[in-house]
Amino acid sequence: MASDQGKAADVAASRPRAAVIFNPSKQGVRTLREAVARAEQRQEFAAAMWIETTEDDPGKSMAHEAVEAGVDLVIAAGGDGTVRAVAAGLRGTGLPMGIVPLGTGNLFARNLGIPVNDLDDAVVLAFSGGDHAVDVIVADITRPDGSDESHVSLVMAGIGIDATMISNTNPELKKRVGWLAYVDAGLRAIPSSKPYRATHRLDGGRHHRSKVASILVANLGYLPGNIELIPDAELDDGKLDVVVLQPSNIFGWLMIWRTVTWENQVLRKSTLGRQLIDLTGGNRRQHIVYLRGRSVEIGIDGGPEEFEIDGDEFGQVVGATFTVAPASLVVRVPR
């Protein structure tokens with residue numbers, strides 16, 4: 001009898017184990033536990049280690065705890081904030097991260113093709129998907145009081161009107177309609193927005209000074225609603241994409257909208273369309289500029305501006321340096 005128990009213990013110890021880092025404030029936690037239990041049985045995993053996030057720490061120290069426990073897989077279950085914080089704790093460890101979206105935007109999951117409306121499918125993918133190493137953007141920011149902070153971005157960070165829009169998003173509306181609440185905030189923010197003067201320098205090169213509405217630094221190109229803001233962005237190319245929005249009036253915003261919805265999503269899909277963009281792109285490039293490199297330094301003249309990461313507001317900054325950490329995060333994606 002004792003021998004049988006010992007063998008059972010050895011078998012349990014030899015099985016892989018996952019850690020599930022979850023936001024307890026999100027709906028669907030009970031369903032999540034049931035889905036994980038089914039996946040563990042199918043994939044012959046030991047019972048998972050469950051770790052709750054807190055308001056003060058949305059997942060980074062929990063990821064460190066999971067790494068120290070020697071698990072074989074970490075599942076981030078929550079919104080973009082939870083996924084980003086867990087990724088910050090796993091960056092550089094080589095330990096794979098599965099994602100179960102429980103938020104409203106779920107930007108990173110959408111860009112990776114992870115199911116955002118089917119919890120069971122997302123859990124199955126977290127346990128049995130393929131491992132893919134992706135880039136992470138590191139944002140070293142300076143606050144108005146002179147203090148410095150370092151954060152990571154998986155999708156896109158921005159300084160300017162995009163951050164103002166996010167900070168003005170109605171939280172109750174966001175709960176009801178999800179990412180559409182950002183549209184409401186954008187329609188309210190654009191008419192009253194004022195450009196700011198900024199200096200940016202790509203890869204330690206020449207400084208460029210301009211008046212901008214926003215500067216975006218991205219790892220991936222799609223926004224909610226299948227809007228393709230940056231058509232050439234790739235999550236594993238070892239580079240970051242920079243978008244400088246500099247409309248001078250409402251016509252400039254219309255030109256930017258035309259670029260994003262017509263040129264990026266329609267014309268760029270064909271050879272003829274790309275030729276048309278080259279022929280007519282001069283006016284467009286006055287309002288939206290695309291850059292690519294391994295780092296970008298941004299300085300703000302005349303006072304702080306709002307800052308956001310992956311759709312979450314992060315307060316105000318007076319400057320920031322963004323660098324890419326190539327292939328530093330392993331994520332579970334569809335095979």
Side-chain angles (χ1 to χ4, degrees), residues 84 107 135-144 148-169 182 185-186 189-190 192-223 227-233 237 239-249 252-253 255-257 259-260 264 284-325:
R84 182 178 59 252
L107 291 175
D135 304 335
V136 171
I137 295 174
V138 180
D140 295 307
I141 62 173
T142 301
R143 297 293 189 184
D148 297 319
E149 297 173 12
S150 184
H151 301 277
V152 302
S153 170
L154 299 176
V155 180
M156 191 178 301
I159 302 173
I161 190 173
D162 60 303
T164 301
M165 175 190 74
I166 288 167
S167 66
N168 290 338
T169 299
Y182 295 127
I190 288 177
S192 60
S193 66
K194 294 182 179 180
Y196 65 94
R197 292 192 177 277
T199 301
H200 66 272
R201 182 168 70 152
L202 193 72
D203 291 340
R206 187 167 64 90
H207 286 89
H208 297 269
R209 182 171 283 105
S210 56
K211 185 180 288 187
V212 303
S214 186
I215 299 179
L216 301 163
V217 181
N219 196 30
L220 293 164
Y222 278 92
L223 302 178
I227 296 173
E228 193 173 11
L229 178 64
I230 311 171
D232 295 327
D237 60 359
K239 295 182 179 180
L240 47 80
D241 288 84
V242 182
V243 184
V244 182
L245 302 180
Q246 44 193 29
S248 56
N249 49 37
W253 281 114
M255 291 297 294
I256 289 173
W257 183 248
T259 297
V260 173
N264 289 356
R284 167 185 60 85
R285 283 190 286 269
Q286 296 175 8
H287 307 289
I288 181 169
V289 177
Y290 289 104
L291 305 168
R292 176 173 291 162
R294 296 186 179 276
S295 68
V296 61
E297 302 168 41
I298 299 172
I300 300 169
D301 301 331
E305 288 291 330
E306 296 290 334
F307 176 57
E308 60 90 6
I309 298 179
D310 299 353
D312 290 333
E313 60 177 306
F314 266 74
Q316 294 185 323
V317 298
V318 295
T321 297
F322 299 88
T323 55
V324 64

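Quick caveat: nothing in here was measured; it's all calculated off a predicted structure. Any value given below was found using the heavy atoms of this structure, including those in side chains, with hydrogens, waters and symmetry copies removed.
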R143: which residues meet the side chain to side chain donor-acceptor pair (under 3.5 Å) condition with it, sequence neighbours left out? E149
Side chain to side chain contact (heavy atoms under 4.5 Å, CB included) partners for D148, two or more places apart: T142
Please find the pair of heavy atoms, one from A198 and one from V212, that lie closest to each other, and give the distance. CB-CG2, 4.2 Å
Using the test side chain to side chain contact (heavy atoms under 4.5 Å, CB included), find all partners of R209 that sit at least two apart in sequence or belong to another chain. T199, D301
For R201, enumerate each residue passing the salt bridge (Lys or Arg N to Asp or Glu O under 4.0 Å) test, keeping only those at least two apart in sequence or located in another chain. E297
Show the nearest heavy-atom pair for residues I230 and A218, with the distance to one decimal. CD1-CB, 3.2 Å
Nearest 0.5 Å please: distance from the OH atom of Y196 over to the OG atom of S210. 8.5 Å
Considering all heavy atoms of both residues, which atom of S150 and which atom of D140 are nearest to each other, and what is their separation? OG-OD1, 2.9 Å
Reported CD-to-CD1 distance for the pair Q316 and I300, which is rounded to 0.5 angstrom: 9.0 Å
Which pair of heavy atoms, one from G221 and one from A233, lies closest together, and at what distance? N-CB, 3.7 Å
Can you name the side chain to side chain donor-acceptor pair (under 3.5 Å) partners of R197, sequence neighbours left out? none
Verdict with supporting geometry, V296 and I215, side-chain contact (heavy atoms from CB on, under 4.5 Å): CA-CA 11 Å; V296 61; I215 299 179; 5.9 Å; no
CG of L229 to CG of L245, rounded to nearest 0.5 Å, is 7.0 Å
I need the full list of ring pair (Phe, Tyr, Trp, His ring centres under 6.0 Å) pairs touching residues 298-324, with sequence neighbours left out, sorted by first then second residue. H151-F314
Set of residues satisfying side chain to side chain donor-acceptor pair (under 3.5 Å) with respect to D203, sequence neighbours excluded: none
Partners of D241 by side chain to side chain donor-acceptor pair (under 3.5 Å), sequence neighbours excluded? R292
Testing the basics here: between I141 and A320, what is the closest heavy-atom pair and its distance to 0.1 Å? CG2-CB, 3.9 Å
Do H200 and V244 come close enough that some side-chain heavy atom pair is under 4.5 Å? yes
Between L107 and G311, the two heavy atoms sitting closest are CD1-N, 4.3 Å
Would you list the atom pairs, donor with acceptor, under 3.5 Å between side chains in residues 153-161 and any protein atom, with sequence neighbours excluded?
from : atom 1 : to   : atom 2 : distance (Å)
S153 : OG     : M156 : N      : 3.3
S153 : OG     : D310 : OD1    : 2.9

Check: D135 main-chain N/O paired with N219 side-chain donor or acceptor under 3.5 Å: yes
L240: which of L291, V217, V138, V136 passes side-chain contact (heavy atoms from CB on, under 4.5 Å): V217
Do V152 and R84 make a side-chain contact, defined as non-hydrogen atoms from C-beta onward lying under 4.5 Å apart? yes
